[in-house]
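Structure record follows, encoded as structure tokens.
Here the structure is a predicted model, which is why all the values come from computation and not from measurement. Just so we're on the same page: letters track the sequence lines, and every chain starts at 1.
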Number of protein chains: 2
Amino acid sequence: MSKSNNVYKDAFNRCLRLLDETQSLPSEPELGTLLGVSRTTVRSILSRMEETGLIAWNKRNKTVLRGPRPEDFFPEEETDSLAEIIERSFMRRLLAGGAEAGMQINELELAREIGVGTTSVREFLIRFSRFGLIEKRRNSHWVLKGFTRAFALELTEIREMFELRSAAAFAALPEDSAVWADLDRLEIDHRRLASDIANRFNEFSELDERFHRLIHRASHNRFIVDFYDVIAMIFHYHYQWNKAEERQRNEVAVQEHLAYIAALKSRDPGKVDAACRKHLKSARQTLLSSIPEGRQAQPADGTLSGTFARA
Amino acid sequence: MSKSNNVYKDAFNRCLRLLDETQSLPSEPELGTLLGVSRTTVRSILSRMEETGLIAWNKRNKTVLRGPRPEDFFPEEETDSLAEIIERSFMRRLLAGGAEAGMQINELELAREIGVGTTSVREFLIRFSRFGLIEKRRNSHWVLKGFTRAFALELTEIREMFELRSAAAFAALPEDSAVWADLDRLEIDHRRLASDIANRFNEFSELDERFHRLIHRASHNRFIVDFYDVIAMIFHYHYQWNKAEERQRNEVAVQEHLAYIAALKSRDPGKVDAACRKHLKSARQTLLSSIPEGRQAQPADGTLSGTFARA
DNA sequence: AAAATGTTTTTTCACGATAAAAGACATTAC
DNA sequence: GTAATGTCTTTTATCGTGAAAAAACATTTT
């Protein structure tokens, strides 16, 4: 089957949404930049839009004939990249329980269960290994290290080290740096969210990532910036998984962020340090409380069929 | 061609060296553990040893008939794994010069030049990406970030953060921890090397890695331990590449290590911190001095054929 | 002539296939 | 009955192949 055309389908859907706003589409290169795809893909999109009567296309003229209808869109599930499909599938298994430290991961079986080739699974596992949750035995299988309390503690230890340093670097940035405008924008978004937290509390996770990435970037250190991928990934699944008291947790976090932002704006190293520490401490608590320590217990004779097999 | 049998060949060579020391070989499972391979591979090795008249093999009896001769060994270059071959080849290109920040890396061409399949190259690049020297453009090529001064500074910043913390944790380890014996052994090896530094200075890099890995392990943090892979990789190639004043540099480093070891043994946090800082500072200097800042300059019309192409 | 469109080439992504290596099961030896 | 050997099965490592997507080149339009 070689390669799915999800890049095309996803870009097509995004292009459809663009149609609502304008009378005619821009040039091919411009569309390419806008959608983040090559001109080859842009032309495929335009071809289909012409075929389905969405636009009239003649060279530079791309006139919108009608607005997009629901049936024009490709189904959501066809727009995901293989890597995303594998990651979701893998994480579901990992968090579903019954996946404990020490278990073996079987590439072939994982591939079969998800319905993809082994190569894609192998590449996924290699990429995923940097998150510290799995480990490769040379010439042999992968071993699951488990989403344990130890993992969470090690992760947060580094996070705190990195963020304290980044926050200090942030506060020391010159007055005319562009980051202060970014920070202002974030502050406004935080205030907006805070004022309607009862309804929009689930929008916090996106804001959270934006905020912390901005701070980490101030370190000007690629290892610190890259490490935030690990945190983001863990928190992403953590948010999906642990919905207990979500509203209240996020409400607290928004307030901590606002205090943290104020401290940064004051540019007082002591205040920054204190606000940063306070927020990181409660973030750690939140993460730790979501890890049931009792998960280690398991039926001793479990015929663990599936991807994760007893070692 | 599917898969080379380098695991077998490498294990065979190592097994040959074992032959020199004993009259008869141990059981198959035991040999497997000793060589770090499966019994399947052990049996292939024994088969060949029987065929070439090295041993007489009858079930449990594996009598050594003669010592190994040079022609019994497989050639060194056939014992390397594909991953090693690709890494060496890639690093040679990277350090050979003409490889600057911003250049594109072409999987297909790299694969052709090395004479391997694209899959292996892809997997190598994914694994290698965690070192922070290359970066992937989604759905497109890899970009070389370059072995620059900025890279070295970012690397050492993290290293210093991690090692200071690890060293402090090390010194706080209980008296009965096994690490103190490891440290004693390392101290002895350092003294031995110091006493004959004029001849054995090139043995330092191996000792260096052993020492720092021991310290990092005291952090009990997988991210810190794993990060040492980045440092080890960089220093590995750096040692091969920059031979200038190697003897003198290593001589200094050995003495710093000894002072560092003494500080750890004193378990005085202040002394540990000072000794660690001092050594890390000179390590950073060594690394920085080996990066010629002028490497940015390049002929403007360079027809950069090969793996790294102008962006 | 700068920037678009039209066309062709190259590269990336993903698969199935195959030999090497690991692992599991069955049998024999001590 | 434990631990080895002998045999068979499964998994991993690697390649070649082909479609999707990008990139390069050629031509037209403004």
Open item on the list: I want to confirm an ordering. Mapping A:G36 and B:K3 to their closest nucleotides on DNA chain D, which one lands closer to the 5' end?
Closed with: B:K3
Task: Phosphate OP1/OP2 of D:dA13 contacted by A:R122 side-chain N/O (<4.0 Å) - done: yes
Open item on the list: Test side-chain contact (heavy atoms from CB on, under 4.5 Å) on A:F151 and B:R222; report intermediate values, then the result.
Closed with: CA-CA 8 Å; A:F151 175 81; B:R222 71 193 74 187; 3.4 Å; yes
TODO: Give a yes or no on whether the ring-centroid distance for B:F227 and B:F131 is below 6.0 angstrom.
DONE: no
Open item on the list: At a heavy-atom distance below 4.0 Å, what parts of residues 37-61 of chain B sit against DNA chain D?
Closed with: B:R39, B:R43, B:K59, B:R60
Task: Along DNA chain D (nearest heavy atom to each residue), the more 5'-positioned of B:P29 and B:R138 - done: B:P29
Open item on the list: Just the rounded figure in Å: distance from C1' of D:dA13 to CZ of B:R127.
Closed with: 11 Å
- [ ] Test A:L54 against every option in A:L65, A:D72, A:L46 by the side-chain contact (heavy atoms from CB on, under 4.5 Å) rule and name the one that passes.
- [x] A:D72
Open item on the list: Show, in sequence, the C-alpha distance, side-chain angles and deciding distance for B:D226 and A:R130, and conclude whether the salt bridge (Lys or Arg N to Asp or Glu O under 4.0 Å) test is met.
Closed with: CA-CA 9 Å; B:D226 288 352; A:R130 79 197 194 87; over 6 Å; no
TODO: Report yes if at least one side-chain N or O of A:K9 is closer than 4.0 Å to OP1 or OP2 of D:dA21; otherwise report no.
DONE: no
TODO: Mind calculating the distance between CG (B:L82) and C1' (D:dT12) to the nearest angstrom?
DONE: 13 Å
Task: Aromatic contact, A:Y228 with A:F235 (centres under 6.0 Å) - done: no
Open item on the list: Judged by each residue's nearest nucleotide on DNA chain C, which is more toward the 5′ side, B:R112 or A:S120?
Closed with: B:R112
Task: A:L31 and A:E28, any side-chain heavy atoms less than 4.5 Å apart - done: no
Open item on the list: Base, sugar-phosphate or nothing for B:S81? Non-hydrogen atoms, less than 4.0 Å.
Closed with: nothing
Task: Residue whose closest nucleotide on DNA chain C lies nearer the 5' end, A:P26 versus B:N5 - done: A:P26
- [ ] Starting from P on D:dA20, measure out to CG on A:N6 and report it in whole angstrom.
- [x] 11 Å
TODO: Rounded off to whole Å, could you give me the CZ-to-P distance for the B:R137 and D:dA22 pair?
DONE: 14 Å
TODO: Could you check how far CD of A:Q104 sits from P of D:dT11, rounded to whole Å?
DONE: 10 Å
- [ ] In whole angstrom, give the distance that lies between atom CG of A:N106 and atom C1' of D:dT10.
- [x] 8 Å
- [ ] Heavy atoms of chain B, cut-off under 4.0 Å: which first and last nucleotide of DNA chain C, 5' to 3', fall inside that, if you could look?
- [x] C:dT11 to C:dA29
TODO: Name the nucleic acid region contacted by A:T119, choosing base, sugar-phosphate or nothing; use a 4.0 angstrom heavy-atom cut-off, strictly under.
DONE: base
- [ ] Write down the distance between CG (A:D10) and P (D:dA21), rounded to a whole number of angstrom.
- [x] 10 Å
TODO: May I ask you to check whether A:E87 and A:Y237 show a side-chain donor-acceptor distance below 3.5 Å?
DONE: yes
- [ ] To the nearest Å, give me how far apart CG (A:L108) and C1' (D:dT9) are.
- [x] 12 Å
TODO: Look at B:S140 and D:dA22 and indicate whether a side-chain polar atom (N or O) is within less than 4.0 Å of OP1 or OP2.
DONE: no
- [ ] Please say which of B:N106, B:L125, B:L110 ends up in a side-chain contact (heavy atoms from CB on, under 4.5 Å) with B:W142.
- [x] B:L125
Open item on the list: So, does B:N139 get its side chain near the phosphate of D:dA21, meaning an N or O under 4.0 Å from OP1 or OP2?
Closed with: no
TODO: Test the B:R48-B:F12 pair against the cation-pi criterion, namely NZ or CZ under 6.0 angstrom from the six-membered ring centroid and within 45° of the ring axis.
DONE: yes
- [ ] Tell me, yes or no, whether the heavy-atom count around B:E84 atom CD, taken from other residues, nucleotides or ligands under 6.0 Å, exceeds 12.
- [x] yes
TODO: Using a heavy-atom cut-off of under 4.0 Å over every strand shown, decide if B:I105 touches base, sugar-phosphate, or nothing.
DONE: sugar-phosphate
